[in-house]
**Student:** 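Supplied in structure tokens, the structure appears directly below.
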Amino acid sequence: MGTTSQNLIGGLKNNTTHNMAAYKTTISQLFRICMEVMTFARAMNTMVYEMELLAMNGVVHAAKVKDGQGKPLLALGDILSDLPSKITPEVRELESWCAQVAKNTAKCADLGRHHYQQICCLVATICQHAEESQLANCEDLARLNLTRPADITTLMKSSLFDTVPALTRDNMNFLANRCQINSAEITQLLKHSAQCLGKGKLSAENIKSIGTTARYLALYICIEEIGRASCRERV
């Protein structure tokens, strides 16, 4: 194999390897983030249960305060006790969306491995059968991004296939078609993941809003308790 063909196959493989490495890094980061959020959501389920118990205990405690002095605490406790029922569905939604994204990214990683193997096979076959005179006029092909269906199409329409045997050409077309299918599936999975992340973000914002309300209620209850304690000391 001459220098020109070596440069071509080297360029195509280097570009593909670089793009696939960046893709795998991004996919791995996304998967890790999803798992972290799922772990947090599961921890939130325990926190919600504890918050529910605390709210119920607070209501019971406030109801025992004599002379109607516990009414403010009772009102605040009632509001606080409603929050777990609001936050639980949001936590489950967040966990569900992140689980779907994690599932998608795992499939994307698998498709990416197949895509890389098939692309490398396709490039090697091209350079094995193409003539040196053809490769000399195809330096621009080395800059193709073979993770994109459009660039795969550009490669397959090049003059490199003019002298390739029919059976070999059919096999190469099959490989190219599989690569395009893989790329299209990855794109659809990532689009679906983007939608899931958008819905997960909404759930996270709702959880944050409910958590802020709970903090304010806890602060008001603390202030009310301090006020009642001060009154008892003066008496």
**Student:** Counting C-beta onward and ignoring hydrogens, is there a side-chain heavy-atom pair between L175 and N171 closer than 4.5 Å?
**Tutor:** no
**Student:** Mind checking whether Q100 and H192 have side chains closer than 4.5 Å, heavy atoms only?
**Tutor:** yes
**Student:** Any chance you could measure K86, atom NZ, to I210, atom CD1, to the nearest 0.5 Å?
**Tutor:** 7.5 Å
**Student:** Which value, rounded to the nearest 0.5 Å, describes the distance between E185 atom CD and N104 atom CG?
**Tutor:** 11.5 Å
**Student:** In Å and rounded to the nearest 0.5 Å, what is the OG1 to CD distance from T39 to E95?
**Tutor:** 9.0 Å
**Student:** Nearest heavy-atom pair of S203 and W97: which atoms, and what distance?
**Tutor:** OG-CD1, 4.3 Å
**Student:** Identify the two heavy atoms, one from L122 and one from M172, that lie closest to each other, and give their separation to 0.1 Å.
**Tutor:** CD1-O, 3.6 Å
**Student:** Between N177 and N173 (side chain of the first, backbone of the second, donor and acceptor by atom type, cut-off under 3.5 Å), is there such a pair?
**Tutor:** no
**Student:** Following the transitive rule for hydrophobic clusters with a side-chain heavy-atom cut-off under 4.5 Å over Ile, Leu, Val, Met, Phe, Trp and Tyr, establish whether I181 and I186 coincide in one cluster.
**Tutor:** no
**Student:** With the threshold set at 4.0 Å, does a side-chain nitrogen-carboxylate oxygen contact exist between R113 and D110?
**Tutor:** yes
**Student:** Do Y23 and C108 have side chains that get closer than 4.5 Å, going by heavy atoms?
**Tutor:** yes
**Student:** So R92 and T88, side-chain contact (heavy atoms from CB on, under 4.5 Å) or not? Walk me through it.
**Tutor:** CA-CA 6 Å; R92 289 175 180 169; T88 298; 3.6 Å; yes
**Student:** Supply the atom-to-atom distance E205 CD to S209 OG, rounded to the nearest 0.5 angstrom.
**Tutor:** 9.5 Å
**Student:** Which heavy atom of C34 sits nearest to which heavy atom of C98, and what is that distance?
**Tutor:** CB-O, 3.8 Å
**Student:** S183 side chain to C179 main-chain N or O, any donor-acceptor pair under 3.5 Å?
**Tutor:** no
**Student:** Can you tell if the side chain of H115 reaches within under 4.5 Å of the side chain of I152, non-hydrogen atoms only?
**Tutor:** yes
**Student:** To the closest 0.5 Å, what do you measure between CG (L202) and CD1 (I207)?
**Tutor:** 10.0 Å
**Student:** Report whether L94 and I33 are members of the same hydrophobic cluster (ILVMFWY, side-chain heavy atoms less than 4.5 Å apart, transitive linking).
**Tutor:** yes
**Student:** Any chance you could measure C121, atom SG, to Y116, atom OH, to the nearest 0.5 Å?
**Tutor:** 12.5 Å
**Student:** Would you check if the side chain of T105 reaches a backbone N or O of V101 as a donor-acceptor pair within less than 3.5 Å?
**Tutor:** yes
**Student:** Is M35 reachable from L30 through a run of I, L, V, M, F, W or Y residues, each pair having side-chain heavy atoms under 4.5 Å apart?
**Tutor:** no
